[in-house]
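Encoded as structure tokens, the structure appears first; notes follow it.
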2 protein chains.
Amino acid sequence: MDGQNRNIRVTSFDVAERAGVSQSTVSRALSGSSVITEATREKVLSAAQELGYFVDERAARLRRGHTGTLATVVVRKPGSTAKDVNPFAYTLLGGIIAAASERGLEVLVSMQGEVDKLFGHYVERGQAEGLIVIGTTANAPAWDFFRGIGETSQPVAYWGSPRGDLDWVSSDNIGGAHIAADHLIAQGCTKLVCIGAENSPQRQFDERSEAFCTHAQSLGHSTQLITIKDMQNRREQGRVAAKQLLDSGAEFDGIFVVCDAIAFGAMETLQEAGRSIPDDVSVVGFDGLPAGELSNPPLTSLEPDMDLAGRLLVEAVTEVHDSPSVRRVPVSLVKRVSA
Amino acid sequence: MDGQNRNIRVTSFDVAERAGVSQSTVSRALSGSSVITEATREKVLSAAQELGYFVDERAARLRRGHTGTLATVVVRKPGSTAKDVNPFAYTLLGGIIAAASERGLEVLVSMQGEVDKLFGHYVERGQAEGLIVIGTTANAPAWDFFRGIGETSQPVAYWGSPRGDLDWVSSDNIGGAHIAADHLIAQGCTKLVCIGAENSPQRQFDERSEAFCTHAQSLGHSTQLITIKDMQNRREQGRVAAKQLLDSGAEFDGIFVVCDAIAFGAMETLQEAGRSIPDDVSVVGFDGLPAGELSNPPLTSLEPDMDLAGRLLVEAVTEVHDSPSVRRVPVSLVKRVSA
DNA sequence: CTGAAAGCGCTTACAG
DNA sequence: CTGAAAGCGCTTACAG
């Protein structure tokens, strides 16, 4: 049967011939034009089905002048592989894809890390209506490149750029930090610690840290900030920070760690030093990684609504704005065992 | 500057005019045709750059007759959200994207679950050269749909279909199961158990189970199979299976669990019952999930090479074959604490 | 409501 | 080596 033959593309002309109408009519019938008679639409529909016809989107989009797709690039570290990319980024990607699909948009995904191979001109090439950039903050050159893209080619939306200057959408860091402080205090903790950052290239971490300390202090509690060291591995950052805290000799009974991956490392070191969690010290993380269910003990964390995050990102890139509007994704406490 | 204006698309004619050549020459120069003089190529290149010109891929691909892209659909359960999808699927997706990019292909990703909204005719619509289907086996209707797509529209490659009849590429289940048995035996285990499946809709699990038992027995060791019950949550399946094993009163000192997520649940129940891992019983999983680093204790597992998996999938869909050739992705032991 | 024609922005024979 | 022209498969004014 012709329609089944993969080598011969069936066109709208073939359908027109079979249905006994003009090619324009085929196009209108298939695109759902309201001007077409129901009878002729049915003729066309069944002819199309019999021939196994589908409209060629390259042609349709060229003619229409839009693409019906969104590009999203996941920035990764140079030389990294699929399993190195952060689960958070994957989940966010999933949220973006779901949200795009809700709006009838497709999504073109790339993972970029090598600095000499960065590409972002999807809009100019007629491949997408806009670009969403997410991924690791640990590749500054890549983010610089995409900052440049955003300046000449709109629309672009970002999540989690290193300096935070690009984030059109991000977690509600302040709200989350407040919840963390409130929760720790409600558990009876009085000597609070934040494992986080200050004046760091990681604006998100800065925000969480500052909001936590300010809020806890305003509630009359002492607070100490341990800043994470600059190193590749988040787990290791957590171990080092916990060791520093332990070595300082300071007393503490409640810790807010600005991200789950760091919290995992911190908990290890704390427990190795004989501190029991949550008996001696309560720990709250941030990001709500599913892996937190598995940690020892399971990690209480602040979880952003990832589906909403995807939706806001898609919206940011899909609706026209004069200036970037920062949107905050609400975060909720996932109570597990650590606090 | 005109080239910066986002509302007016700059075309190859504009570049031609600026460079003082014909539009055909622009096209040739930009597509790297070897027939073009170096001098005129440079003229064209700089004109293009000055105008901020990029070729419109819709037009180029329409004319060329190919798309330069691959579609991949991640099947998910109906009603599930971004964070519900298996980390394994995300990592595999990452491997596919990386491999496609290596070959100069882009990838269009969708996540599909709702049975009334399945779509797979990317090739017919001129959107892709081929389709890769991955994701959860827990959505049989979706897999049936994509099986149908594969029958009328080539090329399609699959990973992890429920019945296993569709898998062009999958883990080396047999090799992995052998490694698991050998490792457990090397740890001194003699009373072996497999938490797995037999004649199940999950062919991958069947393969692993059978290969494990056969191999262990051939080495002179007793072996017992606990089959997992049909339920939504893998962790829970593990808990139930471990409980059944415990209740059976049988002695055991080494367990191979056919997937990590099930192993996590099994370990919980085992430990709650007072069995120490790995002292009383060693446990080996399958999949090599990064979350296994966090479990209590960290899970020893068989990890497939996910980048190679992506590469094989891309290759399967990219090269022409007469019949589906099953490819096995090598698996290696990640030794952690549980065994 | 339907058809004939133009045109979206490219690539690629075909001449020269 | 370069240019003029055709054509990829659609959508959409423009007539009727």
Side-chain angles (χ1 to χ4, degrees), chain A residues 3 7-45 47-48 51-69 121-129, chain B residues 3 7-45 47-48 51-69 121-129:
Chain A
N7 300 317
I8 296 177
R9 172 167 276 282
V10 5
T11 71
S12 53
F13 277 97
D14 301 325
V15 178
E17 190 177 11
R18 178 150 194 143
V21 298
S22 77
Q23 185 261 339
S24 335
T25 298
V26 171
S27 175
R28 291 196 190 95
L30 262 26
S31 67
S33 164
S34 60
V35 87
I36 293 288
T37 282
E38 207 40 54
T40 98
R41 189 193 306 280
E42 268 164 30
K43 265 195 309 191
V44 171
L45 248 34
L51 295 174
Y53 170 77
F54 291 87
V55 341
D56 187 308
E57 290 293 327
R58 288 169 298 204
R61 290 167 179 184
L62 172 59
R63 186 50 237 260
R64 285 206 179 106
H66 62 233
T67 62
T69 114
H121 297 279
Y122 296 96
V123 176
E124 293 88 333
R125 291 213 294 194
Q127 297 190 109
E129 302 305 315
Chain B
N7 300 316
I8 295 175
R9 172 165 276 283
V10 6
T11 71
S12 52
F13 278 98
D14 301 323
V15 178
E17 191 178 9
R18 178 153 193 140
V21 299
S22 78
Q23 187 262 339
S24 335
T25 298
V26 170
S27 176
R28 292 194 190 95
L30 262 27
S31 68
S33 163
S34 59
V35 87
I36 292 288
T37 282
E38 205 41 53
T40 99
R41 189 191 305 281
E42 269 164 30
K43 263 194 309 191
V44 170
L45 249 34
L51 294 175
Y53 171 77
F54 291 86
V55 343
D56 187 308
E57 289 294 327
R58 289 168 298 202
R61 290 167 180 184
L62 172 58
R63 186 52 236 260
R64 284 206 180 107
H66 62 233
T67 62
T69 113
H121 297 279
Y122 296 95
V123 175
E124 293 88 333
R125 291 213 294 193
Q127 297 190 106
E129 301 305 316

Determine the minimum heavy-atom distance between Ala47(B) and Ala19(B), stating which atoms define it. CB-CB, 3.9 Å

Heavy-atom closest pair, residues Gln23(B) and Ser12(B): NE2-OG, 3.0 Å

Least distance between heavy atoms, Gly126(A) atom then Arg58(B) atom: O-CG, 3.4 Å

What are the bounds, 5' to 3', of the part of DNA chain C that sits under 4.0 Å from heavy atoms of chain A? dC1(C) to dG9(C)

Under the ring-ring contact (aromatic ring centres under 6.0 Å, His included) test, which residues partner His66(A), sequence neighbours left out? none

Do the side chains of Leu30(B) and Tyr53(B) get nearer than 4.5 Å, heavy atoms only? yes

I want to check something: taking the side chain as every heavy atom from C-beta on, are Ser31(B) and Arg64(B) in contact at a cut-off of under 4.5 Å? yes

Just list the side-chain donor-acceptor pairs under 3.5 Å for residues 34-44 of chain A, sequence neighbours left out, or say none.
residue	atom	partner	partner atom	Å
Arg41(A)	NH1	Ala29(A)	O	2.9
Arg41(A)	NH2	Ser33(A)	O	2.7

Please give me every residue in residues 54-66 of chain A whose heavy atoms get under 4.0 Å of an atom in DNA chain C, ordered by residue number. Leu62(A), Arg63(A)

Pick the nucleotide of DNA chain D nearest each of Ser31(A) and Val35(B); which residue has the one closer to the 5' end? Val35(B)

So, Arg61(A) versus Gln127(A): side-chain donor-acceptor pair below 3.5 Å or not? no

Here the gap from Arg9(B) atom CZ to Asp14(B) atom CG, rounded to the nearest 0.5 Å, amounts to 11.0 Å

Using a 4.0 Å cut-off on heavy atoms, which residues in residues 23-30 of chain B reach DNA chain C? List them by number, or say none. Gln23(B), Ser24(B), Ser27(B), Arg28(B)

Pair Arg125(B) + Asp56(A), salt bridge at N-O below 4.0 Å: no

CA sep, side-chain torsions, deciding dist, call: Leu51(A), Arg18(A), side chain to side chain contact (heavy atoms under 4.5 Å, CB included): CA-CA 9 Å; Leu51(A) 295 174; Arg18(A) 178 150 194 143; 3.5 Å; yes

Which string of ( ) [ ] | and . matches DNA chain D, if you list each base 5' to 3' and count Watson-Crick or G-U pairs only when both distances are under 3.5 Å? |||.||||||||.|||

Report the C-alpha distance between Val55(B) and Glu57(B) in whole Å, list the side-chain angles of each, state the deciding distance to 0.1 Å, and finish with yes or no for side chain to side chain contact (heavy atoms under 4.5 Å, CB included). CA-CA 6 Å; Val55(B) 343; Glu57(B) 289 294 327; 3.7 Å; yes

